[in-house]
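Read the numbers this way: they start at 1 and go in the same order the structure lists the ligands and their atoms.
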Amino acid sequence: MKNILFLLGLLVCGCFVAMADTPVYLDETKPVEERIEDALNRMTLDEKIAVIHAQSKFSAAGVPRLGFPDLWTDDGPHGVRPDVLWDEWRQAGQTNDSCVAFPALTCLAASFDPSLARIYGESLGEEALYRDKDMILGPGVNIFRTPLNGRNFEYMGEDPYLASRMVVPYIQGLQSKGVSACVKHYCLNNDEEYRHQVNVIVSDRALREIYLPAFEAAVKEGGTWGLMGAYNLYKNEHNCHNEILLNNILKGEWGYDGVVVSDWGGAHDTDQAVKNGLDLEFGTWTDGLTMGKTNAYRSYFLADVYKKAILDGTYTTRELDEKVRRVLRLHFRTTMNRNKGVGFMCNEAHYATARKVAVGGIVLLKNDNNLLPMDVKASKKILVVGENAVKMMTVGGGSSSLKVQREVSPLDGIRNLVASINPTAIVEYQRGYVGDVTGELDGVSTGQNLNESRSPEQLIADAVAAAADADYVIFFGGLNKAPYQDCEGNDRKTYDLPYDQDKVISALAKANSRLVVVGISGNSFAMPWKGEVNAIVQGWFLGSEAGNALADVLTGVANPSGKLPFTWTKTLNDVGAHALNTYPGTWREGKDIIDEEYAEGVFVGYRWTDKKKITPEFAFGHGLSYTTFELSSLRASGDLSGENGTMTFTVNVKNTGSREGAEVVQLYVHDDKASVERPYKELKGFAKVSLKPGESKDVEISIDRRALSFWDETTNGWKVEPGKFTILVGNASDNLTLKTNIKIVK
Ligand code: BGC
């Protein structure tokens with residue numbers, strides 16, 4: 001009896017010791033990779049299958065038995081999308097799922113200011129935490145190849161170097177809060193029309209030099225934890241399970257250790273999904289079921305059918321375990337991360353970030369006779385014209401649509417600021433034209449009534465009559481977030497401004513020479529009236545603080561410092577993709593595939609206009625200021641020979657005007673002689689510097705060997721050819737006033 005009691009005692013103690021013994025996967029002192037293996041070894045086949053595909057529109061199951069919570073994703077990329085129902089696109093009807101809308105990514109790119117991308121990411125991360133999201137579906141870095149692309153507003157422009165420099169701090173800022181980025185859409189998703197059917201044919205050189213660098217930087221420098229495959233195909237394989245792009249380049253060459261998420265409905269085949277690098281399947285429109293039909297999730301390509309194939313021996317668990325490892329790694333970085341930040345929603349700091357980014361990215365394109373900034377103190381009447389002065393732009397555009405607590409319209413922003421500067425000045429509004437009067441997406445409505453009974457002629461006549469005695473006429477036009485404008489799913493049909501806005505602008509220009517045209521869009525458009533208008537501003541989609549930021553810039557409270565992140569061509573034909581007639585591609589006989597050949601190769605944007613000696617309407621990197629800057633005394637130091645060589649270029653920048661302002665110094669590389677046809681110049685460095693009147697500073701920009709190299713298709717690698725290179729420096733791609741030569745010996 002005594003012995004039995006003793007044994008029992010031992011057993012109880014043993015239990016206590018075992019309970020006190022934290023399992024390895026929960027032991028934070030252990031390396032994450034060990035914790036992953038431990039958790040993996042404890043999981044059943046069903047649990048493993050459950051974590052690699054969606055269980056609702058935006059979530060994937062965790063491992064409840066082991067204490068891993070569900071993983072919640074959400075769009076992205078400009079704010080946290082409102083919650084939809086578990087299994088439907090309709091709204092969940094929450095009252096606490098609003099957000100701050102940050103400016104669209106074209107604006108962020110136009111700021112040429114990586115420090116703004118960092119605070120953008122941090123603020124967004126805090127909003128995501130408040131909303132209990134573990135992964136934000138963004139940022140997007142598909143290259144601006146055609147101004148017709150309905151989703152350019154969600155991306156970072158035409159230049160791979162600019163997009164790379166801006167995406168890295170966005171990711172780092174977001175992830176510093178314990179919220180994963182999901183960089184999208186990898187890759188070659190450069191237009192929306194037929195996005196599920198487009199098979200892109202592109203040279204290896206263009207792929208590596210133009211379309212991949214921003215993703216590569218996101219992985220290697222940004223350390224992104226998530227990446228979304230694109231809908232389209234490359235080499236006849238869908239990009240959500242594409243052997244070359246995912247297995248070979250992303251996970252092989254770049255050593256990516258995060259998850260590959262399918263775009264919603266981007267997976268098409270179990271075998272390819274198993275073998276070709278997809279880790280987490282979302283949004284699949286399963287066979288025989290309608291889109292989003294309740295509980296379709298077990299019919300996903302990586303669900304029951306995959307389990308069955310493992311059980312019948314078609315696959316071992318090798319691929320499955322690799323996917324689960326990546327998903328568990330994501331959990332340790334997000335849901336299981338005890339060092340996450342603290343969530344806040346719609347707080348003043350986030351609005352301040354939104355305003356700062358918006359102000360930093362607004363571009364002053366033209367300012368003849370120094371029409372801007374407006375002299376509000378001396379004004380009696382300011383006329384604001386145009387639908388985009390009042391239309392809410394945060395609702396619409398597709399998956400990036402938001403539900404905000406506040407969106408300051410341009411008209412309200414101007415009214416408020418003018419009232420604070422000169423209460424006697426009148427701000428009058430005229431509609432000018434009717435564009436899109438809808439304002440609803442998936443059940444979120446702007447609540448605006450934009451119906452109008454006047455005829456187009458009457459609207460113009462009324463605006464013109466009001467313009468005659470105005471000190472300033474500010475026209476807000478451009479595009480909007482309605483289908484076939486700046487909107488997911490389709491592309492624009494023409495390069496022209498819609499709704500006959502050209503007529504309104506020309507009529508206003510005739511009535512009053514003090515006309516300012518402000519474009520609200522994520523894309524360029526034709527400007528047949530450019531010569532008739534003294535001032536033109538590009539105002540993007542600026543989110544919650546749109547009106548305040550625009551008012552700041554128009555009145556000179558802030559000095560514009562944004563630069564165009566793409567080439568603003570005069571016509572569509574000045575764009576390589578259109579000049580060569582390669583867009584949208586050619587349907588394959590009897591097949592549901594459209595081949596789109598990127599025949600312009602690496603000559604995208606300014607690389608094309610340089611090659612063809614086309615003068616654009618406004619060049620890449622162009623943007624004016626209310627002050628003037630002088631760049632001088634370009635000096636070089638360092639050595640670029642040898643693998644790790646670097647050189648630093650120093651430029652003196654002086655504010656020669658009478659206002660404080662910021663200038664973006666841009667450095668382009670020209671290869672004097674190469675064995676392949678190279679772009680005349682390529683952006684390889686930039687720095688934004690703020691200066692008080694009269695102040696000057698030295699600005700340093702460093703480059704490495706990659707900046708001089710091209711992708712050598714014969715050796716499948718980056719190559720620097722010895723010889724002379726010219727370094728061109730200035731404040732716009734068409735205003736490079738300083739240059740120096742460097743010689744590479746080997
Ligand atoms: C879009 C993605 C988005 C996803 C989820 C897709 O249609 O292409 O960018 O993240 O939907 O809303």
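A distance of 6.0 Å or more separates the ring centres of F332 and W225. For W568 and F620, the ring centers are positioned 6.0 Å apart or more.
Note on ligand 1: R81 sits in its first shell, one or more heavy atoms being nearer than 4.0 Å. Contact annotation: R151 has at least one heavy atom less than 4.0 Å from an atom of ligand 1.
A salt bridge does not link K275 to E319: none of the charged side-chain nitrogens sits closer than 4.0 Å to a carboxylate oxygen. A salt bridge does not link D159 with R165: every distance from a Lys NZ or Arg NE/NH1/NH2 to an Asp or Glu carboxylate oxygen is 4.0 Å or more. A salt bridge between R208 and E253 is present, with a side-chain N of the basic residue lying under 4.0 Å from a carboxylate O of the acidic one. We find that D257 and R333 are joined by a salt bridge, their nearest charged nitrogen and carboxylate oxygen being less than 4.0 Å apart. Note on R329 versus D279: no salt bridge recorded, every NZ/NE/NH1/NH2 to OD/OE distance being 4.0 Å or above.
The residue F282 has no part lying near ligand 1, judged by heavy-atom distances below 4.0 Å. By the criterion of a heavy-atom distance under 4.0 Å, neither the backbone nor the side chain of E192 is placed next to ligand 1.
Near F58, with a cut-off below 4.0 Å to any heavy atom, the atoms of ligand 1 are 5 (C), 12 (O). Residue S399 has at least one heavy-atom neighbour below 4.0 Å for each of these atoms of ligand 1: 1 (C), 2 (C), 3 (C), 9 (O), 12 (O).
Between K184 and ligand 1, at least one N/O pair is under 3.5 Å apart.
Here the shortest heavy-atom distance to atom 4 (C) of ligand 1, taken over N189, I136, L137, D263, belongs to D263. Comparing H185, K57, R195 against atom 9 (O) of ligand 1, the shortest heavy-atom distance belongs to H185.
Looking only at heavy atoms of the protein, atom 10 (O) of ligand 1 is closest to D75 OD1, 2.6 Å.
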